[in-house]
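Working notes, structure below.
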There are 2 protein chains.
Amino acid sequence: MSKQVVPVMCCSPLTGAPLSAAEAAELAGVFKAIADPVRLRLLSLIASHAGGEACVCDLTGAFALTGPTISHHLKVLREARLIDGERRGTWIYYRVRPELLAQLSAVLVHDVPAAVRADVPLSAEAAT
Amino acid sequence: MSKQVVPVMCCSPLTGAPLSAAEAAELAGVFKAIADPVRLRLLSLIASHAGGEACVCDLTGAFALTGPTISHHLKVLREARLIDGERRGTWIYYRVRPELLAQLSAVLVHDVPAAVRADVPLSAEAAT
DNA sequence: TGTCAAGGTAGAAGTATGTCGAAGCAAGTC
DNA sequence: GACTTGCTTCGACATACTTCTACCTTGACA
């Protein structure tokens, strides 16, 4: 593997029906993306930054890691569709995509209200 | 590592304040436990089994994996406090612990209602 | 166009994880 | 007590992941 292609999040709640192997693999790919302290902090750093977005320069300073390493983790998060990057002049700004987070959250419990689950319509997806 | 000791789940929602390194490490440990297709299926298999619990014999048959491998994954889930095992005669029965799942879910979104978050009071913890 | 700064990609090294076979422990049966 | 069944632990091995250094790409500006 190495390529964590996560097409469109599926999956009924964990506590509902047994997951199929394909669903489990898809879900595991996303969870794997956030199952790292650095990426978790990256995510919360971006999400809690003013305006809901942060440039890489803001993020690099928060870790005792080199630029390429941060870049690698951001790429993993991007490939998992958890964040979106946008270049604005010299800097690249990242923002989290709450819809996937909400879906993940919904999978973990069986009674998260639909309002949360459908935070942002998934049909708006156009990730490339 | 190898020892995934997860004392008591902490952590404010990801989209709230930036996670500290310690919080991130703790959270990442639990996410790492579920960031595997086999463990995810194991979890959903147990949760959706009649009575909310399943014996290892029920689980082993669902995978093209050897007993020791299933046992290893169950141990990881147990150490992450996501499941509980209980020996009853010849068989060992596992059941999921929805409270940690609910907490994890609450971390991923910022507006999960308290009713879900506090599914089961964490103070009841006595995991060793 | 040339230069600088911000970030990304490539490849390598060390470490962690997933899987297996062999062996061991616990409970039930004869 | 000996045997069988169910499950875990141990040790080994292959693969995946994290991090680094070196180098490349992109955009701003003189």
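Per chain, numbering begins at 1; letters A, B, ... match sequence-line order.
- For the atom pair CG of L42(B) and CG of D36(B), the computed distance is 9.0 Å after rounding to the nearest 0.5 Å.
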Both distances under 3.5 Å, Watson-Crick or G-U wobble: on that basis, could you give the dot-bracket string for DNA chain D, with [ ] for crossing pairs and | for other-strand partners?
-> ||||||||||||||||||||||||||||||
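- Checked against side-chain hydrogen bond (donor to acceptor under 3.5 Å, both in side chains), T69(A) has the following partners two or more places apart in sequence or in another chain: T66(A).
- We find that CG of L74(A) is positioned 16 Å from P of dA6(C), with the value rounded to whole Å.
- For V109(B) against L101(A), the heavy-atom pair with the smallest separation is CG1-O, 4.1 Å.
- Distance W91(A) CH2 to dG7(C) P: 8 Å, rounded to the nearest Å.
- The two residues G52(A) and R95(A) have their closest heavy-atom pair at O-CB, 3.4 Å.
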Evaluate the criterion side-chain contact (heavy atoms from CB on, under 4.5 Å) for residue pair I92(B) and L74(B); output intermediate values, then yes/no.
-> CA-CA 11 Å; I92(B) 297 177; L74(B) 287 171; over 6 Å; no
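- Phosphate proximity of dT8(D) to Y94(B): present, with a side-chain N or O under 4.0 Å from OP1 or OP2.
- Here the closest non-hydrogen pair linking A33(B) and L82(B) is CB-CD1, 4.0 Å.
- If you take CD1 of I34(B) and C1' of dG18(C), they are 18 Å apart, rounded to a whole angstrom.
- Minimum interatomic distance between T60(A) and L65(A) (heavy atoms only, all atoms of both residues): CG2-O, 4.4 Å.
- Atom CZ of R78(B) is separated from atom P of dC7(D) by 12 Å (rounded to the nearest Å).
- As rounded to whole Å, 14 Å separates atom C1' of dA6(C) from atom CD1 of I70(A).
- For the pair V96(A) and I83(A), the tightest heavy-atom approach, listed with the atom from each and the gap, is CA-CG2, 4.0 Å.
- Partners of R39(A) under the side-chain hydrogen bond (donor to acceptor under 3.5 Å, both in side chains) rule, at least two apart in sequence or in another chain, are H73(A).
- Rounded to an integer number of Å, the gap from L77(A) CG to dC17(D) C1' is 14 Å.
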Sugar-phosphate means primed atoms, P, OP1 and OP2; the rest is base. With that split, encode nucleotides 18-30 of chain D 5' to 3' as B, S or - using protein heavy atoms under 4.0 Å.
-> SBBBB----SS--
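- If you check residues 48-63 of chain A against DNA chain D, you find no residue with a heavy atom closer than 4.0 Å.
- The CD1 atom of I83(A) sits 13 Å away from the P atom of dG7(C) (whole-angstrom rounding).
- Qualifying side-chain hydrogen bond (donor to acceptor under 3.5 Å, both in side chains) partners for H72(B), counting only residues two or more places apart in sequence or in other chains: none.
- No donor-acceptor pair closer than 3.5 Å links the side chain of S44(A) to the backbone N or O of P18(B).
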